[in-house]
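Sequential numbering from 1 along the given sequence is applied to the chain's residues.
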Amino acid sequence: MKAAVPIEFWFDFSSGYAYFAALEIDALGARVGRAVLWRPYMLGTAFKVTGMRGLSSTPVKGDYARHDWARAARRLGVPFAPPPDHPKIALPATRAFYWIEANHPGHEAPFARDVFRRYYSGALDTSDPDAVAGLAPTLGLDRAALRAGLEASAIKERARALGDAAVARGIFGSPFFMIDSEPFWGWDRLPMLEDWARSGGW
């Protein structure tokens with residue numbers, strides 16, 4: 001029997017709503033019998049095409065988003081203490097993810113979860129390659145190898161190309177999910193995504 005196609009989970013590490021989605025997506029996948037393909041990318045790639053801007057830098061909406069993130073964290077009982085200058089540009093963390101995927105498959109999703117947990121606890125600067133590489137030992141990986149790997153030209157190109165390809169497919173936000181070519185944008189769409197997976201769509 002052919003395995004079900006994974007749920008694609010596209011996100012920018014600096015997206016508050018992606019953090020909440022990251023806390024739930026694996027359990028959702030298990031409930032519906034689907035693996036989850038974690039896919040970090042840079043939202044700036046999408047912004048260049050859509051003309052959108054990040055919530056944090058959008059007047060009025062930014063204030064609401066910060067209030068909503070804190071409210072959601074209290075409801076879920078999870079930390080939410082990103083750096084004062086949030087959002088950080090998470091390019092080093094994104095490139096590190098793809099180096100880990102290429103060289104130590106199976107460790108990339110745990111790495112992403114750890115990045116989210118630490119960043120939103122105020123314990124990680126995702127824009128600092130040295131800080132990102134410092135997570136390697138927690139996964140049993142070599143710090144120096146990860147530090148060098150996230151600067152490798154092939155990894156830089158892969159991260160860029162995946163982001164460009166995602167936007168070309170119509171992926172423009174964070175979190176953004178694809179299941180059997182059906183798009184769902186936003187953490188609040190997870191219940192609908194789950195219903196779609198269970199029913200086969202409508």
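Note: Tyr120 and Phe116 have parallel aromatic rings, judged against thresholds of 30 and 60 degrees for the angle between ring planes. By the 30° and 60° cut-offs, the orientation of the rings of His86 relative to Trp69 is perpendicular. Below 30°, between 30° and 60°, or above 60°: for Phe111 and Phe13 the angle between ring planes is above 60°, a perpendicular geometry.
Closest approach of Pro137 to Arg143, counting heavy atoms only: CD-CB, 4.4 Å.
Applying the side-chain hydrogen bond (donor to acceptor under 3.5 Å, both in side chains) rule to Asp68 yields the partners Tyr17, Arg71; only residues at least two apart in sequence or on another chain are considered.
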Exercise. With ring pair (Phe, Tyr, Trp, His ring centres under 6.0 Å) as the test, would you mind laying out the steps for Tyr119 and Tyr19 before giving the verdict?
Key: CA-CA 9 Å; Tyr119 179 78; Tyr19 165 58; 8.9 Å; no
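Side-chain contact between Arg34 and Asp180 is present, with at least one heavy-atom pair separated by less than 4.5 Å. Between Lys156 and Tyr98, every side-chain heavy-atom pair lies at or beyond the 4.5 Å cut-off. Using a 4.5 Å cut-off on side-chain heavy atoms (C-beta onward), Asn103 and Leu141 make no contact. By the 4.5 Å heavy-atom criterion applied to side chains, Tyr64 and Val60 are not counted as neighbours. Side-chain contact check for Trp99 versus Glu108: every heavy-atom pair is 4.5 Å or farther apart.
Between Arg31 and Glu24 there is no salt bridge, since no side-chain nitrogen of the basic residue lies less than 4.0 Å from a carboxylate oxygen of the acidic one.
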Below 3.5 Å, can you tabulate the donor-acceptor pairs from side chains in residues 161-172 to any protein atom, sequence neighbours excluded?
from   : atom 1 : to     : atom 2 : distance (Å)
Asp164 : OD2    : Arg160 : NH1    : 2.4
Arg169 : NH1    : Glu8   : OE1    : 2.9
Arg169 : NH2    : Glu8   : OE1    : 3.4
Arg169 : NH2    : Glu8   : OE2    : 3.1

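In the displayed structure, Ile89 atom CD1 is contacted under 6.0 Å by at most 12 heavy atoms of other residues, nucleotides or ligands.
For the side chain to side chain contact (heavy atoms under 4.5 Å, CB included) test with Pro110, the passing option among Thr138, Leu139, Val115 is Leu139; the others fail.
In the hydrophobic clustering (ILVMFWY side chains linked at under 4.5 Å, chained through shared members), Leu37 stands by itself.
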